[in-house]
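Just below is one structure, and these are the notes that go with it.
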Amino acid sequence: MLRALVVILAEAAALQAQITVSPQRIAGVPPSAWPIGDGGPATDALLTPTALAWDRSGNLLIADSRNQRVRRLASDGTISTVFTQTGSMYSMAVDSKGNLYTSVAAATVTDQPQLLEWAPNGSVTVIQSPGTMQVPPGIAIDAADNLYITDQAAEGGGFVWKLTPQGAAVKVAGYAVVGGIPGSSGPALQVTLGGPHALSFDSSGNLLIADWAGILRLNPDGTLTRFVGDWTWPVKIAGAPDGSVYFTSDYYGIQRWTAAGGVVQFAGTQQQDFSDGCALSGGQRVAKYASMDPADLLVDPVGRLFFADDFIDPYDPTSIYSFSAGRVRRIDPDGSIRTVAGSGNMPPETPPGGPASQAIFHNPEVLAVDSDGNVFFAESSANRVQEITAAGQYLTVAGTDSAPAGEDPACYPSTGDVLSSPKGVAVDAAGNLYISDTGNNRILLRSPEGVLTTIAGTGTAGNTGDGGLATAAEISGPTSIAVTPDGSIYFVAAYTLRRIESNGILDTPAAPQFVGFVAAGLDGNLILDGQYLYKETPGGVFYGLRAAGGVMATDPNGAVYFPGGYGMTRVSANCNVADVAFASATPIPLPQGLANDSQGNLFATADDSVWRIAAIAPPAIDAPAVALDDPGVFNAASNLTVTVNVQQGWPSEGYSYEENDAITGNEIVRLTGGCLGPLAPVEGSFSGGGLPTTLAGTQVLFNGVAAPLVSVQALEILAIAPQAVASQGQATVTVENQGVAASAELSAATAVPGIFVNAGTQAAAINQDGTVNGPDHPAPVGSIISLFLTGAGVTNPPALDGVPPSQPLPPLALPVTVQVEGLPAQVLYAGAAAGLPGVAQINVQIPAGAAGSGAAAIQVAVGGYSRDQAVTIAVQ
């Protein structure tokens, strides 16, 4: 009768201890130490290109914003640094003297963009732009070394300026009109521009201007012609020797304009990601089938199109300008595409076989540790599973034939060892390695001899096969995986816990919903992470302990670790919560993966490395970290909260939040939180005539008075508020678990009636013939139906707190009214329910007007107090 409510548990930070540990990096080179590739092949370089330019010797200059520098791609294919540059570069141009001009974005929201001139000797000069410089301008330089600068003016429209070599500033295009509609053609200084932001030149040397409404050409006679319009939203443009113009738009890919054919899609699948597409005969890749997100464009004298490819970088999410494709690519006139610089968001991975401490990994994630101290981890983005041997060597143990990251797996014939985004690894006592081959919808076993076999999944996503062989079942994207001592293999698929029994049969064991991660404790019992952190009892039942945390590890003392706080959070078997902080000497981000060995040493993946943390000693005081939700005090029947609307001045629309409803005396109250009591629920019994006020070390006090307890458990308590609360106006509710307390303040009322329901809105009601009311047993019109409530207030005379009422049953002290389908119903009895402390029973005769209504809405008011609870009864 108690409906579940999903909540986020609030931790009482002041009660949490802190443990400081010093992780040891045992494998991996941190990104800060990655070689960026200067002096070597450009295709091996680590870069994030944001702007391109040609120098006057025909070398390609690349604005590498991630590494804060400008780099040169030489004709022999090597790459080097020309200048170091702070800030992300939006546009570049080079004059005949070799001076490089860069348009640089503001470093912070309070700064302004800059326009810089870099001399060949490395000296730098700030150029005072004649424009407003609200955003980084697009720039271009003509054959006479005139510098053209875009200006998105504050008053509307925008301009293009020309800065001569002598320093004179001349406005060459644009007319400011607040809210003006971009013009199509006419005298250049009389055409309204729609936010000019990118420049190039056509094959005749005419200036091309991109604004959000299209592309314009500045003609030799001083007029502007808009030749691409219809609000195509061009971002960057490049004129080609054959008269065509290439441009990027507000979706993935490159478009091309020609005088004869207008605008057509030139390259790209219009899908977000990096891919060259499948190779065709001769090894060529076709640009039409590639995926890209171009940031800048250039065309060389023979018509080859170069572009910077720069997807968002997950390794630097805090940066305003962070990228992951990390390549400069070239499309030849025959439509083929290739990478000319950049290896992607990581440098080439270190070949296996060497020291793990010197290896470059591609985002290691989940881990497992075997009994010999070997560490296995999945590189999901690289489609591999790696091993760090106890001797410190780095090996690839699965996925050696995988397609390169970002490539179409269909281009690579399978040899049986092709993994797709593996998201889970586990090992058993015999040294077998289990792999969740997530993208291929299967579970693999790798024997100690290196033999790889499929033990679950047909490769087709689905949720079938319970009761049959796991190899014949459909599973959907398996992720987290764990092995228990009895040989059972548990894994998470589609947020559901599934199990491969030791005989190879697949089933779905009873477990909470929405599971995200599974781990096996050293005692053989499972730990789940989903809506809450769940622990399994020896009887195979899962109970929630506190808030969820993510990936997990455990130790011999039964504590659970997961990412949180300043590094990790530790929850002891007694529900003591402590922050595990990483020492300042080893500042690593929150772990992506966690694992443990049998001695309690922890292993974590973070900062593209694998770390070892020595076993953590349990705290001297293992007191539970009691926490109440906010809201976390509910009527046990209605589970209602109160919505508080906060109005703010225009243009804000205000906001709302939920808080606890009022309570009353003799009400069964449901309290939710974390660490409120023992893991497994303990129910109160009528010992000595009434319910106990202490269960398993837990008490609940209302204004200092201990309440009778129906049941206690870590996530939930059912208690009966003392009858005196009804007249006290305010109530302080305090939960004490083993001497540790958490409190909430709320109001008290004379009645807050809540009707118990069976499921949904169906009341837990009894028909006159003794059957349970419902669609299969509707109540006839005119018959009597019994409802059960809590929060109906005190009885007259008052009952003893937590004691079943005696005969004759006392009536409620306040009057009761009932409506069925909005019609008044006769109340025949309203008083205590036999044998049930805290519960009121109301017997009602169903009015004639409710005939034929099926699920009839019913509402109860006690002393004029009612709650907006949707409740129905079945009527025929």
Return all side-chain donor-acceptor pairs below 3.5 angstrom for residues 533-541, not counting sequence neighbours, or 'none' if the list is empty.
from	atom 1	to	atom 2	distance (Å)
K535	NZ	G558	O	3.1
E536	OE1	L526	N	2.7
T537	OG1	V541	N	3.4
T537	OG1	V541	O	3.2

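Without hydrogens or angle criteria, Q713 side chain to L679 main chain gives a donor-acceptor distance under 3.5 Å. Proximity of a side-chain donor or acceptor of Q723 to a complementary backbone N or O of A799 within less than 3.5 Å is detected. Distance alone, capped at 3.5 Å, places no donor-acceptor pair between the S638 side chain and the Q869 backbone. The main-chain N or O of G550 is found under 3.5 Å from a side-chain atom of D529 such that the two form a donor-acceptor pair. The closest donor-acceptor contact from the side chain of S572 to the backbone of N574 lies under 3.5 Å.
Using a 4.5 Å cut-off on side-chain heavy atoms (C-beta onward), I755 and V860 make contact. Within the 4.5 Å cutoff, the side chain of M552 has no heavy atoms near those of the S480 side chain. Within the 4.5 Å cutoff, the side chain of W611 has no heavy atoms near those of the T605 side chain. At a threshold of 4.5 Å between non-hydrogen side-chain atoms, the residues V871 and V757 count as touching. Taking the side chain as every heavy atom from C-beta outward, F542 and L528 approach each other to under 4.5 Å. You'll find the side chain of I842 reaches within 4.5 Å of the side chain of V816, heavy atoms only. Taking the side chain as every heavy atom from C-beta outward, S711 and P681 never approach each other to under 4.5 Å. Contact annotation: the side chain of P810 approaches that of P805 to within less than 4.5 Å [non-hydrogen atoms, C-beta and beyond].
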Exercise. Mind running salt bridge (Lys or Arg N to Asp or Glu O under 4.0 Å) on D579 and R570 for me, showing each step along the way?
Key: CA-CA 6 Å; D579 287 328; R570 180 186 190 272; over 6 Å; no

Self-check item: Steps toward side chain to side chain donor-acceptor pair (under 3.5 Å) verdict (N639, R670)
Solution: CA-CA 8 Å; N639 281 318; R670 176 173 174 258; 3.2 Å; yes

Quiz item: Should V839 and F756 be marked as a side chain to side chain contact (heavy atoms under 4.5 Å, CB included) after you check the CA-CA gap, both sets of side-chain angles, and the distance that decides it?
Solution: CA-CA 10 Å; V839 178; F756 285 104; 4.3 Å; yes

Quiz prompt | Verdict with reasoning, T664 to V725, per side chain to side chain contact (heavy atoms under 4.5 Å, CB included) | solution = CA-CA 6 Å; T664 190; V725 169; 5.9 Å; no

Quiz item: Step by step, would you call F634 with T641 a side chain to side chain contact (heavy atoms under 4.5 Å, CB included)?
Solution: CA-CA 7 Å; F634 307 92; T641 58; 3.4 Å; yes

Exercise. Evaluate side chain to side chain contact (heavy atoms under 4.5 Å, CB included) for V633 paired with V669, printing each intermediate quantity in order.
Key: CA-CA 7 Å; V633 183; V669 176; 3.3 Å; yes

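Checked against side chain to side chain donor-acceptor pair (under 3.5 Å), T693 has no partners two or more places apart in sequence or in another chain. The side chain to side chain donor-acceptor pair (under 3.5 Å) search around T20 returns none, not counting sequence neighbours. Checked against side chain to side chain contact (heavy atoms under 4.5 Å, CB included), T643 has the following partners two or more places apart in sequence or in another chain: N645, S656, E658. Remark: Y561 pairs with no residue by the ring pair (Phe, Tyr, Trp, His ring centres under 6.0 Å) rule, at least two apart or across chains. By the side chain to side chain contact (heavy atoms under 4.5 Å, CB included) test, S743 pairs with T732, T734, sequence neighbours left out. Under the rule for a side chain to side chain contact (heavy atoms under 4.5 Å, CB included), the partners of A856 that lie at least two apart in sequence or sit in another chain are V820, E821, S853, I873, V875. Contacts of D466 classified as side chain to side chain donor-acceptor pair (under 3.5 Å), with partners at least two apart in sequence or in another chain: R498, T508. In terms of the side chain to side chain contact (heavy atoms under 4.5 Å, CB included) criterion, residue partners of A494 (sequence neighbours excluded) are, by chain and number, S476. Residues passing the side chain to side chain donor-acceptor pair (under 3.5 Å) test with Q859, sequence neighbours excluded: none.
The CZ atom of R546 lies 6.5 Å from the OG1 atom of T569; values are rounded to the nearest 0.5 Å. T554 OG1 to I527 CD1: the interatomic distance, rounded to the nearest 0.5 Å, is 4.0 Å. Taking CG of L367 as the start and CZ of F603 as the end, the distance is 8.5 Å to the nearest 0.5 Å. With values rounded to the nearest 0.5 angstrom, D607 atom CG is found 12.0 Å from L590 atom CG.
A donor atom on one side chain and an acceptor atom on the other are found under 3.5 Å apart for N363 and Q592.
Residue pairs meeting the disulfide bond (SG atoms under 2.5 Å apart) criterion with at least one partner in residues 712-766, sequence neighbours excluded, do not occur; the list is empty. Applying the disulfide bond (SG atoms under 2.5 Å apart) test to pairs two or more places apart or on separate chains, those with a residue in residues 654-719 are C575-C675.
The heavy-atom pair separating I668 from P837 by the smallest distance is CD1-O, 3.9 Å.
Taking a 6.0 Å sphere around OH of Y495, one finds it holds 12 or fewer heavy atoms contributed by other residues, nucleotides or ligands. At most 12 non-hydrogen atoms from other residues, nucleotides or ligands lie less than 6.0 angstrom from CD of E683.
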